[in-house]
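Notes follow once the structure below has been shown.
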Amino acid sequence: MKFPSEPFKIKVVEPIRRTTREERDRLLRAAGYNLFQVPAESVYVDLLTDSGTSAMSDDQWAGLMLGDESYAGSRNYYHLEETVRSIFGYKHVIPTHQGRMAENLLFSTVVKPGMCVPNNIHFDTTRANVEHQGAQALDVVIKEAYDPRCELPFKGNMDLIRLEEVIHREGASRIPLAMVTITNNSGGGQPVSMDNIRKTRALLNRFGIPLFFDACRFAENCFFIKEREPEFADKSILDIARELFSYGDGCTMSAKKDGLVNIGGFLSLNDDQWAQAITNMLILVEGFPTYGGLAGRDLETMARGLREVLDEDYLNFRVGQVRYLGELLDQAGVPILKPIGGHAVYLNAKEFLPHIEQAQFPAQSLVVALYREHGIRGVEIGTVMFGRRDPATGRTIHPELEMVRLAIPRRVYTNMQIAYVAESIVDLYRRRDMIHGLRLTYEAPVLRHFTARFEELERQPLLQRAAS
Ligand code: P61
């Protein structure tokens with residue numbers, strides 16, 4: 001079967017409320033056309049994120065009841081520690097309540113003002129946490145990553161030539177670590193090859209620079225390695241993960257993705273001195289080192305989720321379901337980012353809505369239309385999220401890509417619901433001319449996409465726009 005069917009049956013269901021178009025229109029106005037401000041109960045299919053939205057297995061729910069809520073030395077911590085060590089292989093395992101806290105602890109310990117951190121593409125929390133230390137977050141992904149039409153098997157790869165240039169330009173002493181994000185979320189959930197990771201490691205070794213992984217979607221990345229790098233065709237996902245992490249010195253992890261939990265994360269690393277400093281900071285801001293801001297039961301579900309996610313049947317379905325959505329859209333001519341990534345399908349808003357210029361937020365306009373017309377929530381990954389003001393001119397510098405991400409929660413929606421999403425988007429594509437742009441009315445100084453507010457622009461006839 002080309003698209004694998006669900007490798008699970010449903011034991012518990014959560015009803016979803018249907019809403020009318022009028023209701024959604026009203027909600028959109030109240031939310032300032034920002035989908036982060038719309039109550040989740042009024043969403044039919046929620047593709048805002050695959051983060052923290054997974055359905056847990058019966059084994060994970062059973063594990064909840066085995067939560068040991070001791071302040072120090074909870075048995076669930078030891079289970080997590082053993083699990084993380086057996087997959088990731090690093091010496092120290094520091095639990096955190098989610099990924100960005102792992103980033104914050106790492107960067108606040110090792111990154112100093114004036115330094116720089118290269119990454120394939122920094123995710124927004126990673127970038128914000130690097131910049132918060134007064135350092136520069138540099139993206140050194142291969143240039144093809146910015147071409148939504150270019151089909152490469154490993155579009156998340158580091159550009160090794162540029163990485164070497166960065167090291168020569170900045171000086172190795174100003175680079176406390178390099179990162180590789182697997183899969184590369186901001187570039188479309190694209191994987192990084194083992195070959196590229198080996199070469200990145202070899203390059204960094206020449207300069208004595210440590211390598212850390214942003215490992216949120218590591219199992220999906222390993223699945224692509226198995227599928228696309230012939231050397232790994234007969235290896236288990238666990239063996240692939242072990243080899244991959246052996247090229248690093250540590251990782252940050254949001255277990256809300258490939259940990260298959262609703263909350264949780266960790267930082268894992270080899271360096272004793274860094275681990276000690278980070279642990280001291282952890283105690284100050286998160287909690288005792290054997291719970292790190294989580295309950296014992298959360299640690300248990302995380303340990304169990306990390307093992308489940310390595311199951312090939314599961315990964316085959318997971319990546320297959322995302323591909324199913326992407327291929328239905330592609331076959332209908334809807335412009336999507338290629339190839340289809342591991343956790344999400346990305347609509348290319350510049351091509352979907354060529355009549356809306358970037359200053360009028362085409363991707364955000366598409367997100368608004370998708371919700372109003374069909375009750376589906378996606379997320380803007382474009383000017384709202386990554387646009388920056390030029391301090392000299394005050395003008396916005398637009399990012400290359402203007403995308404709408406449809407992130408698929410793990411084990412949550414059936415293939416029939418995914419088919420509904422595809423049908424809805426194809427309908428919208430046929431009627432795309434009726435979608436108009438937006439004007440920003442409020443923005444916060446950092447991570448503005450969460451709270452930004454907009455107004456809808458009046459529809460301008462195409463002829464008039466062309467003349468203006
Ligand atoms: C997401 F709009 N991702 O994709 P935390 N690294 C990477 C991530 O994808 C990631 C984190 C680190 C989210 C949630 C999200 O502005 C946003 O556990 C590659 O969320 O702290 C999270 O992990 C951070 C969506 C986060 C956003 C921030 O949907």
Side-chain angles (χ1 to χ4, degrees), residues 34-38 40 46-54 94-107 117 119-132 137 139 141 145 156 179-192 212-221 250-267 285-286 292-294 298 302 305 322 341-346 363-364 367 377-387 399 403-410 412 443-452:
N34 184 336
L35 273 289
F36 282 102
Q37 305 296 325
V38 168
D46 199 349
L47 307 181
L48 183 80
T49 179
D50 63 322
S51 175
T53 51
S54 303
I94 300 166
T96 60
H97 77 277
Q98 61 182 87
R100 69 195 72 181
M101 181 50 89
E103 293 163 4
N104 185 280
L105 289 167
L106 176 66
F107 299 147
V117 177
N119 198 332
N120 42 3
I121 304 186
H122 289 263
F123 185 66
D124 66 351
T125 56
T126 325
R127 180 183 309 283
N129 271 300
V130 170
E131 290 175 353
H132 188 64
D139 297 339
V141 73
M179 293 199 76
V180 177
T181 305
I182 52 172
T183 55
N184 183 28
N185 187 3
S186 308
Q190 303 293 331
V192 181
F212 273 64
F213 292 100
D214 177 340
C216 301
R217 300 177 179 86
F218 76 97
E220 290 162 10
N221 200 102
C251 69
T252 55
M253 174 77 187
S254 167
K256 297 172 73 172
K257 288 85 169 168
D258 272 354
L260 297 176
V261 288
N262 306 119
I263 193 72
F266 59 83
L267 175 57
V285 297
E286 278 277 79
L294 293 165
D298 297 327
M302 197 181 350
V322 175
H343 66 295
V345 173
Y346 293 69
Q364 185 66 19
V367 164
R377 175 156 71 169
V379 75
E380 195 261 16
I381 307 219
T383 301
V384 183
M385 195 179 266
F386 292 121
M403 298 282 165
V404 172
R405 186 184 71 171
L406 306 166
I408 317 261
R410 295 170 181 77
V412 170
E443 65 176 314
V446 283
L447 298 175
R448 67 175 180 172
H449 53 286
F450 289 126
T451 51

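These figures come from a predicted structure and were not determined experimentally. Whatever order the structure lists them in is the order used to number ligands and atoms, beginning at 1.
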(request) Could you give me the CA-CA distance, side-chain angles and deciding distance for Ile263 and Lys256, then say whether side chain to side chain contact (heavy atoms under 4.5 Å, CB included) is met? (result) CA-CA 5 Å; Ile263 193 72; Lys256 297 172 73 172; 4.2 Å; yes

(message) I'd like to know if Asp50 pairs up with Arg410 as an ion pair, taking the criterion as any Lys NZ or Arg NE/NH1/NH2 lying under 4.0 Å from an Asp or Glu carboxylate oxygen.
(response) yes

(request) Report the residues that fulfil salt bridge (charged side-chain N to carboxylate O under 4.0 Å, His left out) with Glu131, sequence neighbours left out, ordered by chain and then residue number. (result) Arg388

(request) Keeping the roles fixed (side chain from Glu103, backbone from Thr126), state whether a donor-acceptor pair exists under 3.5 Å. (result) yes

(request) Let me know which protein residues bring a heavy atom to under 4.0 Å of ligand 1; chain then number is fine for ordering. (result) Phe36, Thr49, Ser51, Gln98, Gly99, Arg100, Glu103, Phe123, Asp124, Thr125, Thr181, Asn185, Asp214, Cys216, Arg217, Ser254, Lys256, Lys257, Met385, Arg405, His449, Phe450

(message) For Val117, is there any backbone N or O sitting under 3.5 Å from a side-chain donor or acceptor partner on His122?
(response) yes

(request) Report yes if the distance between the aromatic ring centroids of Phe36 and His449 is under 6.0 Å, otherwise no. (result) yes

